[in-house]
Amino acid sequence: MDVCCGDEMKHPFVLSCFQDWNRTWQTHNPDLTPCFQNTVLVWIPCLYLWLFAPFYILYLKRNDRGYICMTHLNRAKTVIGFTLWLICWADVFYSFWERSHGAAIAPVYLVSPTMLGVTMLLATFLIQYERMKGVQSSGVMLNFWLIAIVCATVTFRSKILHALNEPASVNVFKYTTFYIYYTMLLISLILACLSDQPPLFSQAVKDSNPCPESGASFLSRITFWWITGLMVTGYKRPLEEKDLWSLNTEDKSQRVVPQLVRRWDQEYKTLYSPKRAARGEKKDGQPIEESEILLAKTLQKTGEPSLFCALCRTFGPYFLVSSLYKIIHDILMFVGPEILRLLIQFVNDSSAPTWHGYFYTTLLFVCTCVQTLILQKYFHVCFVTGMRLRTAIVGAVYRKALVITNAARRTSTVGEIVNLMSVDAQRFMDLITYINMIWSAPLQVILALYFLWQNLGPSVLAGVAVMVLMVPVNAVIAMKTKTYQVAQMKSKDNRIKLMNEVLNGIKVLKLYAWELAFKDKVSAIRESELRVLKKTAYLGAVSTFTWVCAPFLVALSTFAVYVLMDEHNILDAQKAFVSLALFNILRFPLNMLPMVISSMVQASVSMKRLRVFLSHEELDEDNVERPAITACESSDSQGALVAVVGHVGSGKSSLLSALLGEMQKQEGSVSIKGSVAYVPQQAWIQNATLKDNILFGRDAKDSWYQKVVEACALLPDLEILPGGDLTEIGEKGVNLSGGQKQRVSVARAIYCNCAVYLLDDPLSAVDAHVGKHIFEKVIGPQGLLQGRTRVLVTHGLSFLPQADLILVMVDGEITEMGSYTELLGRQGAFAEFLRTYTNTEQEEVEESVGGEAGLLISELLSCFHASVLSHSPCSISVSCRQSQISLNAAGTGKTPQKTEPNDVAAAKKAKSTEAARLTEADKANTGRVKLSVFWEYMKAIGLPLSIFSIFLFFCHHLSSLGSNYWLSLWTDDPVINNTQPNREMRLGVYGALGLTQGDLTDIHVVLSVGGILASRYLHQTMLYNVLRSPMSFFERTPSGNLVNRFAKETDTIDSVIPSIIKMFMGSMFNVLGSCAVILIATPLVAIIIPPLGLLYFFVQRFYVASSRQLKRLESVSRSPVYTHFNETLLGTSVIRAFGEQQRFIRESDGRVDHNQKAYFPSIVANRWLAVRLEFVGNCIVAFAALFAVMARDSLSPGIMGLSISYALQVTTYLNWLVRMSSELETNIVAVEKVKEYGDTEKEAEWRLEHSTLPAGWPTTGHIEIRNFGLRYREDLELAISDISVNIEGGEKVGIVGRTGAGKSSLTLGLFRIIEAAQGEICVDGVNIAELGLHELRSRITIIPQVPHLNTPKQCWGKLLLKVIVIFNGIKYLARALLRKTKILVLDEATAAVDLETDNLIQSTIRTQFEDCTVLTIAHRLNTIMDYTRVLVLDKGQMAEFDSPSNLTAKKGIFYKMAKDSGLV
């Protein structure tokens, strides 16, 4: 180096550069040696770029984002790069020129400029390469220019000093080139801070509102400046949905979910052999021996597939970046205590130059700022990973729900699956932020102990012993927490499951006045949940005690051993406060580790639940073979109408399920050619417009749509509906009658224009004349579906003569098969069946037997034999022996020309768009959360308890401050003969203050118990308010919104809000305490704290305005995810039958992405806030240190140490205070949402206080309806009007009319489900409007239209599904028998059962309810032909009211209906 730097230096390089302390350190005007400046300061930026360039080039090559056209910015960067290269070469050539003129030039003046010149050339190449690879702003290059300018600044100052002190020795050329070089570096640094234009064809160019992150400059990205635009908008006005950016491509469901699904499939398939392995035959078609099957089954499962591994392989690589940030941050954490040590040393050393203090202060400020930026980048990576993880889990669960078998479905209720999507996915998100603490916490502990050892020696082992003793305590707490966690999740699942049932069957609950009974059931589950929460709270208090005491006990034991071990061991300020700063660092990992372990325990429970669900058996696509249709087959083969008949439970629906592939195939084969449409027995209706329900994702073809609507007899309904076919249908079709729902379901199937139609008793829920219309126009030989294969399960005997083929099923087997005439001729079971149930007065129906079609299907099915084997209560299998079902469809026909449907257009006209809307989306409130919400929460806790908690917090933090202040006084004690005389007393008081601090952790128990009291009160109030709401509320409010309130929002009130309040109070007192200590130590800080406080307050308010609204938007957009999921679960068989899985997956993904659009800005806003707040905190640290340096002559080391150690913590406290205040404000929205149902419209009182109703009312059952009318909503027309009827006690009255005529509306009025808009109803002379609802509803009995069954504890087999429907009806009949009220209402109770069961129910009613008034809404007119009178409704008004015989004689509406049913 001596050779390199030349002879002009007197000393060798090492000595001159590093040991000339008189020039560099121990002086009032420091400077570095010329040799150091010309070598090390020049080489550092070169070394940085050459080290990173290969990796950076490789990264750019693999991550090509497109091509950026040459811009002015890029040209400027390139020109300056070349200019810098030319300047360096100018220096080299000048040195050669000097040498040629005999001057002695040291080699360093040739080597360094050459090296720098080549580096500048590399920098210019990288600038162009970045442009070609689509990099808009580069961190690598910005850091290079920053390092270069920092190194050059030292030389710049040195050259100016040299020029001022020795102007004669200045080399003008070299000084000029250096100043130009320095200026160019400055310009390069400024240009590197700017961002280039987006690459060609990038997503940002196409998107209307792209996320600005990808186009932001590097500086903007590390300081999160790029979100400021959104924050400003949010501060000016409440943010709206349109303000949110599109998600980044790498965060969208379509990118994230398939990655996890693929990894999970790989995991799953490595452990589970393919399903075909043990299913009947080998690849070559040979049957498998039984022993081989058993062997295959034992080898099939070798262990559990690991969801953890799948998640790691999916998200691990991106998440590893956060680990790198965490390592750097953890190391930087220990710079603060080291600088504190140097500052105390500086105060003690009066001879030290003043600039040392300013240097340490600057170094402290720079280090804390770098630490802030790195920590926030770490959190950003963690939160984005968490967001992607949630997206992936929700997507995977949704996809799985579409393919699991029915047996698997029964093991997971809707409530449990919703919890997988909400609670469990959230647990992963919460954990991912702190999962790095598993290795980071031990690393921080080891580093802290190392520095403590350096400071206090072996006495630190006492502290280690205390920490080791704490580990088993935390382990026991973690184990117990896991047990409680499992119990709490089980209770939560049960509660959500029951709430789902309550919400699904709310109409039945109201009709039977069961609200209180179910309220008590839900409350009982809730109480068990709260008991577990209380145990968890006590456990948490013990855990908190250990967290608070652990760092203090470590400090106490260490100081005690240190001072008592040797009397010459003096606890001075440097030792005490550097140790205290290290103990404060130690506090974080010790506090976090139990929390992380607890989070991991919760996540492991969630992971197990997810793994079990994702491991469920899936439907085998090979259950049904789908060979391609050739042109020949399409044109030659004919479709046929196949009717399937049989008693209830004979296996008719199971046969259709087998054809759909919904059941496990044991043997044989099922083959369907062409697309399939399916109409289930219980119509599945989406929460969408009526038109969307019919189109079902297909393109709109108006002429075909008109034909379908007309054929399904929906035109009259379109006239009645407020918005025509654009009327929004509520969840599960709440605003449609049973018949309307079924006809929409049929219309959906027809519109899809498929080859094969599977119709599961679609005509049972519609009136006889409508059923006849649909059969003729749609299903029959001349209907829209002529030429298609139609498999019709039916109980309607009048349709059978027109069927090409009839299958008769008994006990899961096809016992007879043939045309109508063939089966009659055989005089078998079918003929007997007909003779028993055909009405003798039924008019002769023209037989219509398809010739060729019948023969074709007959041949195909000639050897079909299905048997249902029930292996267990939960399973069922269809065996197809020696044959296959092959249903060939034909003749799709031409698509009708696109013309405007006049009828539909007429039906649509004058329909208000507003009236068409039914459901109300979850609304986002705007503006600040009202103080009344906080007040409500405090009242829910109890005001005395709230005030007591605040007092305990104050005492707790006062004792903490006291112990640290006492320590500072101890360190300032005078040293006499190398000892401190009062050390025992000092140690005793210090210990007592610390233990007092530990004892006051009772506040956590008090707050937790208060939180539980609030949870109980708020949940009970919400449950009561929801149950008191009228039916119109449930029709308007999607069940997803309600489930969200009872699941997510309740979970927030249970677990999140109490812990946030604890942390908020703790942070607030910590900040106040820290400011007080700093002010006592350095009163000058009082000048700085007010402006910094104002800045802090402004930043906080600026942030909260946007953050609060983003949280609300996120909460509002979360509900549709669950609503859609609920809807999907109810209609999986329909979705699968139509092959619409991908469309529904896209819809679900879209809703999740829409939710994440609001979540992503909220996590970035948190980072934006943290960077700015920590900057405020860093300023407080810097000013505390600066004023301490300025006042070092009047400041004791103890007070200075106390002040700066508190200042070092104030950043964290400030950060947590704002975080917790905003978290509190955003999470208290849960209380706001739970409370909002208290303000909604309520039903009349359930029971009146001063009721004068007689005990046995009604005694006769006399009903008088006077001028009665009602409407469904205020803005709608009357649904029924001007009905006046007098029904004597004991009369049997039938109520008939076409679908939508107002039959069910009348019963709703009788039960006051909808209050009367005009007129009144009197029962036994009492106006029902003057009664309490429960008094009325409990005295009248109904067998409702839509049976609702609580989920049975035992598992029902597929075979029993139909039986359950019947048992529902019989169950309600049994309830009616038990109640034995004087009025019985049957609302289409027997529509979906066969004639035999219908006759059984009707005969029971005739005998058991002989003296009761019976009102029957009937589709089958034969059930009411012997009734006293019949009320005929038409378009909401009374058309006819007389005995059946008189009405038949009048030949009016009733006569036509009876004729259509074949009764006259």
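Only this structure's heavy atoms are used, side chains among them; waters, hydrogens and symmetry mates stay out.
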Thinking salt bridges, do Arg609 and Asp424 make one under a 4.0 Å N-O criterion?
-> yes
Carboxylate-amine/guanidinium contact Glu1232 Arg1112, below 4.0 Å | yes
Kindly compute the distance separating [atom1] ([X]) from [atom2] ([Y]), expressed to the nearest 0.5 Å.
| X | Y | atom1 | atom2 | result |
| --- | --- | --- | --- | --- |
| Ile417 | Leu610 | CD1 | CG | 11.5 Å |
| Met421 | Ile393 | CE | CD1 | 11.0 Å |
| Phe1160 | Asn1155 | CZ | CG | 14.0 Å |
| Leu375 | Arg1167 | CG | CZ | 7.5 Å |
| Leu1110 | Ser1115 | CG | OG | 12.5 Å |

Go through the steps for His956 and Leu952 under the test side-chain contact (heavy atoms from CB on, under 4.5 Å), then give the verdict.
-> CA-CA 6 Å; His956 173 75; Leu952 282 177; over 6 Å; no
Parallel, tilted or perpendicular: rings of Trp226 and Trp245 (30°, 60°) = tilted
Quick one: salt bridge (Lys or Arg N to Asp or Glu O under 4.0 Å) partners of [X], sequence neighbours excluded?
| X | answer |
| --- | --- |
| Lys510 | Glu515, Glu1243 |
| Arg1016 | Glu527 |
| Arg390 | none |
| Glu1114 | Arg1118 |

Can you sort out the partners of Asn209 under side chain to side chain donor-acceptor pair (under 3.5 Å), two or more places apart, ordered by chain and number?
-> none
For [X], all residues meeting ring-ring contact (aromatic ring centres under 6.0 Å, His included), sequence neighbours excluded:
| X | answer |
| --- | --- |
| Phe1097 | none |
| Phe1033 | Tyr1237 |
| Phe383 | none |

Please identify each residue that fulfils side chain to side chain contact (heavy atoms under 4.5 Å, CB included) with [X], with sequence neighbours left out.
| X | answer |
| --- | --- |
| Ile432 | Phe319, Thr385, Leu389 |
| Leu945 | Ile941, Val1006, Leu1013 |
| His1124 | Tyr398, Glu1127, Thr1128, Phe1144, Glu1147, Ser1148, Arg1151 |
| Thr1050 | Arg495, Arg526, His1019, Met1022, Asp1054 |

Regarding [X] and [Y], is there a side-chain donor-to-acceptor distance under 3.5 Å anywhere?
| X | Y | result |
| --- | --- | --- |
| Lys1062 | Ser1008 | yes |
| Asn1166 | Tyr1103 | yes |
| Asn1044 | Ser1119 | yes |
| Glu529 | Ser491 | no |
| Asp251 | Thr391 | no |

Please determine whether the number of non-hydrogen atoms from other residues, nucleotides or ligands lying under 6.0 Å from atom [atom1] of [X] exceeds 12.
| X | atom1 | answer |
| --- | --- | --- |
| Phe954 | CZ | no |
| Lys534 | NZ | no |
| Lys519 | NZ | yes |
| Phe1175 | CZ | no |
| Tyr1017 | OH | no |

Are the side chain of [X] and the backbone N or O of [Y] linked by a donor-acceptor pair below 3.5 Å?
| X | Y | result |
| --- | --- | --- |
| Asp243 | Glu240 | yes |
| Asp1153 | Lys252 | no |
| Ser1107 | Val1104 | no |
| Tyr378 | Thr433 | yes |

For the pair Leu533 and Tyr484, evaluate side-chain contact (heavy atoms from CB on, under 4.5 Å) and give the outcome as yes or no after the intermediate values.
-> CA-CA 8 Å; Leu533 263 177; Tyr484 292 148; over 6 Å; no
